[in-house]
Amino acid sequence: KCLAGNSASNDRFVETKIGQVPISQSENVESTLSITVVGASGDLAKKKIFPALFALYYEDWLPEHFQIFGYARSKMTDEELRNLISRTLTCRIDRSENCGDKMERFLQRCFYHSGLYDSEENFGELDQKLKEKEIGRQPNRLFYLSIPPNIFVDVVRCASRRASSENGWTRVIVEKPFGRDAQSSGELTRCLKQYLTEDQIFRIDHYLGKELVENLSVLRFSNLVFEPLWCRNYIRNVQLIFSEDFGTEGRGGYFDNYGIIRDIMQNHLLQILALFAMETPVTLDGEDIRNEKVKVLRSMKPVKLENVVVGQYKGHSKGGKSYPAYSDDPTVPKGSVTPTFAAAALFIDNARWDGVPFLMKAGKALHTRRAEIRVQFRHVPGNLYSRNFGTDLDKATNELVLRVQPDEAIYLKINNKVPGLGMRLDRSDLNLLYKSRYRIEIPDAYERLLLDAIEGERRLFIRSDELDAAWALFTPVLRELEEKKISPELYPYGSRGPVGAHYLAANHNVRWG
Ligand code: NDP
Ligand code: BG6
């Protein structure tokens with residue numbers, strides 16, 4: 001049942017300047033790209049997808065011939081879609097330039113078709129509109145599923161039957177969540193593969209598109225000073241931290257069905273862990289990298305309940321302002337025990353990482369917004385200076401921090417002599433702060449990922465065996481938390497989270513950075 005007509009077929013013809021020619025013989029026929037944003041009326045489309053497409057257009061990354069269609073049930077004209085998306089397009093790439101002209105030209109390439117998600121007929125109509133724009137060129141089609149997961153399969157069925165490209169490629173970007181557990185994720189993959197091949201499915205994890213996450217492999221594999229230390233002999237623990245200083249505002253209903261472990265840990269943090277801990281890939285080819293990520297995920301044991309702490313934020317008043325509890329959200333069911341915070345310790349059973357705790361912490365409504373990878377190194381054996389300067393120096397081990405956001409930076413904490421005639425030591429940073437070093441605007445993760453999908457680069461997308469391995473690690477503990485209805489520890493909105501997270505770290509001889 002896979003997509004018919006996805007490969008070039010001999011009996012098809014295209015219009016060219018020199019008349020009709022068989023597509024297979026028409027090397028000179030230019031291609032055209034049609035991007036359809038399914039769920040174009042929604043939050044993600046407005047907030048991220050259209051702005052990312054505009055940024056790509058602005059910087060001339062999109063092919064010369066392209067058109068963008070929005071598709072959703074809401075009734076809208078082309079002009080109304082343009083008005084809607086123009087509100088979130090910005091000239092962020094060059095603030096000094098008035099990009100109004102370019103924005104207008106971009107908007108003229110955006111169109112809208114209203115239809116149902118499970119109507120082959122409506123997708124057939126979309127196909128007709130796409131064909132009108134594609135005439136004379138070889139069409140490549142990219143569908144972005146920016147819709148709730150319960151309608152992914154309907155859309156893929158209708159789009160693949162009625163709106164896939166006949167002569168070019170068809171690719172589908174799928175947004176998370178990819179199921180709720182190993183079983184539902186496997187089921188989703190099985191259903192998608194009834195209509196698409198694995199190569200056509202681009203499962204997005206936008207954390208893989210973040211600049212610092214992309215840089216992780218460069219840092220490791222192209223600097224002699226890091227890779228030799230990247231193992232249990234020198235690294236004491238690794239911390240993967242995600243925190244937001246706001247709650248589930250507006251998304252409580254969606255969130256309650258998933259919780260923070262599924263929302264952040266099983267995907268974003270675990271993907272970073274896999275990139276961090278994988279062996280050197282044979283090449284930079286997407287398949288080689290994904291093979292190494294799968295290997296490392298499969299070397300891990302499922303997370304144990306005793307290695308997990310869960311929390312949920314409660315209401316809090318500060319400076320005359322009051323902040324709501326998670327349970328105050330009217331879309332959250334009464335008595336919900338869904339965690340908005342979790343900390344977990346994970347272990348990799350291989351020669352490189354045996355015994356090294358990988359600690360994850362993710363939470364909403366905490367005191368700060370940050371995403372970081374912290375690597376704490378072991379003590380200097382027989383440290384000369386700790387004899388004279390006390391054992392505190394033993395605690396002050398080197399720490400490498402990759403700050404993914406905000407204010408991207410890589411810094412290494414070192415022990416250093418305070419300048420002067422005496423001998424006093426302190427902790428200093430060797431600091432690579434991106435905004436001081438690079439005078440360019442860092443692209444949004446969605447820009448990189450959209451461009452990769454257009455170019456057929458799969459390195460930053462999740463392959464189905466990776467997804468299976470990721471769910472295998474978290475499904476048992478998620479089931480246990482839910483079956484035992486384990487109550488989360490309450491923590492005040494805007495705090496550092498539950499104290500249980502500190503005990504968990506202490507059990508593994510770790511202090512959170
Ligand atoms: P929305 O809830 O805004 O839904 C997108 C569109 O889908 C809506 O505009 C609506 O369009 C249609 N829709 C909504 N609910 C239903 C329903 N029950 N049945 C059929 N159609 C429906 O989602 P988002 O834009 O927030 O997110 C899209 C996808 O991206 C989701 O899978 C989400 O999990 C994921 N995601 C979102 C993020 C975000 O920041 N928003 C971040 C990361 C992932 P219409 O009524 O016009 O058909
Ligand atoms: C999404 C989660 O995947 O990532 C959200 O569903 C979270 O809950 C978001 O807020 C965070 O992304 P970013 O890029 O703002 O850190």
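Predicted model only: the values in this text are computed from it and were never measured. All ligand and atom numbering here is 1-based and tracks the order in the structure.
- In this structure, Y71 has its ring center no closer than 6.0 Å to that of F143.
- Within a 4.0 Å radius of atom 2 (O) of ligand 1, the protein contributes no non-hydrogen atoms.
- Closer than 4.0 Å to atom 23 (O) of ligand 1 lies none of the heavy atoms of the protein.
- Heavy-atom contacts from other residues, nucleotides or ligands closer than 6.0 Å to CH2 of W61 number 12 or fewer.
- For atom 43 (C) of ligand 1, the nearest protein heavy atom (residue, atom name, distance) is E175 OE1, 3.9 Å.
- Remark: minimum distance from atom 26 (O) of ligand 1 to any protein heavy atom is reached at D43 CB, 3.5 Å.
- In terms of polar-atom proximity, L145 is not counted as a contact of ligand 1, lacking any N or O under 3.5 Å from an N or O of the ligand.
- The contact set between ligand 2 and D263, taken as ligand atoms under 4.0 Å from a residue heavy atom, comprises 2 (C), 5 (C), 6 (O), 8 (O).
- The nearest protein heavy atom to atom 18 (N) of ligand 1 is not closer than 4.0 Å.
- At the shortest separation from atom 32 (O) of ligand 1 among protein heavy atoms lies I147 O, 2.8 Å.
- The shortest heavy-atom distance from R251 to ligand 1 is under 4.0 Å.
- Shown in contact with K176 at under 4.0 Å from a heavy atom are these atoms of ligand 2, numbered in order with element: 1 (C), 2 (C), 3 (O), 6 (O).
- For atom 48 (O) of ligand 1, the nearest non-hydrogen atom from the set Y258, Y117, Y254, Y446 belongs to Y117.
- Those atoms of ligand 2 with a heavy atom of K210 less than 4.0 angstrom away are 13 (P), 14 (O), 16 (O).
- Ligand 2 does not have Y258 within reach: every non-hydrogen atom of the residue lies 4.0 Å or more from it.
- Between R369 and E244 there is no salt bridge, since no side-chain N of the basic residue sits under 4.0 Å from a carboxylate O of the acidic one.
- Using 4.0 Å as the threshold, K47 has a heavy atom nearer than that to some atom of ligand 1.
- Taking all heavy atoms of P148, A45, A72, S74 into account, the minimum distance to atom 4 (O) of ligand 1 is reached by P148.
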